[in-house]
Amino acid sequence: MEKIEIVRTTGAGGDTTILRLQGPLTLQTLFDFQSAIREPGIGDTIVDLTGVPYIDSAGLGATLSHWAHTQRTGKKFAEAGICERVQVLFNLTKVSTLLPSFTTVQEAEQSFSASSGSASATSV
């Protein structure tokens, strides 16, 4: 059975929630991810995918759902540390044109402080 570990931390500015994922984001691990993004106090969000070897369609859908939620509520969203296999999925599905992606969490945080709206630069 696949498992995912999710560690929630606060960004340097104090207003950003960083979710560090370790393990595949799939239908089997989806509910843990959904619980983490629905916890109270989540606003601006950076999802650190450095430890995610792959994502299936269910995981992709959950990520897009949270991104859409941040758009509706005026919050910022970014992903960081995307491995090559996940980047291929994002490119094939054109998700890479929607979701702000950065090489590191620090770059994503800097984009939040540099922008007044949603992070939009893609540096991956």
Side-chain angles (χ1 to χ4, degrees):
M1 174 122 180
E2 295 179 334
K3 293 189 180 208
I4 191 165
E5 180 182 329
I6 303 169
V7 177
R8 179 179 170 175
T9 59
T10 303
D15 296 333
T16 302
T17 299
I18 301 168
L19 298 173
R20 297 185 193 280
L21 281 59
Q22 185 71 38
L25 183 54
T26 65
L27 182 59
Q28 291 181 334
T29 62
L30 177 68
F31 299 107
D32 292 332
F33 179 69
Q34 287 177 325
S35 293
I37 60 177
R38 291 178 181 157
E39 287 182 9
I42 299 255
D44 295 342
T45 308
I46 298 172
V47 179
D48 182 359
L49 299 173
T50 303
V52 176
Y54 59 93
I55 295 176
D56 70 6
S57 60
L60 183 62
T63 302
L64 286 169
S65 176
H66 185 63
W67 169 79
H69 170 74
T70 61
Q71 297 298 293
R72 287 189 305 273
T73 57
K75 303 296 182 183
K76 299 172 191 166
F77 178 90
E79 293 187 328
I82 301 168
C83 74
E84 186 176 341
R85 185 173 180 182
V86 173
Q87 188 64 51
V88 168
L89 172 67
F90 285 2
N91 291 343
L92 285 172
T93 59
K94 306 295 186 202
V95 168
S96 58
T97 63
L98 289 176
L99 301 180
S101 301
F102 298 88
T103 305
T104 66
V105 169
Q106 292 77 18
E107 289 176 12
E109 280 191 279
Q110 288 172 356
S111 78
F112 283 7
S113 61
S115 68
S116 58
S118 174
S120 58
T122 302
S123 63
V124 172

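Put simply, the side chain of Trp67 does not reach to within 4.5 Å of the side chain of Thr63, judged on heavy atoms. In this structure, the side chains of Thr50 and Arg20 stay at 4.5 Å or more apart for every pair of heavy atoms. Residues Thr70 and His66 form a side-chain contact, since some pair of their non-hydrogen atoms from C-beta on lies under 4.5 Å apart. Considering only heavy atoms from C-beta on, Phe77 stays 4.5 Å or farther from Leu98 through its side chain. Side-chain contact between Tyr54 and Thr26: present, with at least one pair of heavy atoms (C-beta onward) separated by less than 4.5 Å. Residues Phe102 and Gln110 have side chains not in contact (no heavy-atom distance under 4.5 Å, counting atoms from C-beta outward).
Considering CZ of Arg8 and CD1 of Ile18, their distance stands at 11.5 Å, rounded to 0.5 Å. Ile46 contributes atom CD1, which lies 6.5 Å from atom OG of Ser111 (distance to the nearest 0.5 angstrom). Taking NZ of Lys3 as the start and CG of Asp32 as the end, the distance is 9.5 Å to the nearest 0.5 Å. To the nearest 0.5 Å, atoms NZ (Lys76) and OG1 (Thr17) are separated by 13.0 Å. Going from atom CG of Leu60 over to atom OG of Ser65 covers 11.0 Å, rounded to the nearest 0.5 Å. Annotation: the span from Ile82 atom CD1 to Ser96 atom OG amounts to 8.5 Å, rounded to 0.5 Å.
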Assess whether side chain to side chain contact (heavy atoms under 4.5 Å, CB included) is satisfied between Leu64 and Leu99, documenting all intermediate values. CA-CA 8 Å; Leu64 286 169; Leu99 301 180; 4.1 Å; yes
Side chain to side chain contact (heavy atoms under 4.5 Å, CB included) evaluation trace for Ile55 with Leu49: CA-CA 10 Å; Ile55 295 176; Leu49 299 173; 4.3 Å; yes
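Between the Thr45 side chain and the Gly43 main chain, a donor and an acceptor come within less than 3.5 Å of each other.
Note: the hydrophobic cluster containing Leu21 also contains Leu89 (ILVMFWY, side chain heavy atoms under 4.5 Å, direct or indirect links).
In terms of heavy atoms, Ala36 sits closest to Ile6 at CB-CG2, 3.9 Å. In this structure, Leu30 and Ala62 approach most closely via the heavy-atom pair CD1-CB, 3.2 Å. The minimum heavy-atom distance between Glu107 and Thr103, with the atom names listed, is OE1-N, 3.4 Å. Scanning all heavy atoms of the two residues, the minimum distance from Pro53 to Pro24 falls at CD-N, 3.8 Å.
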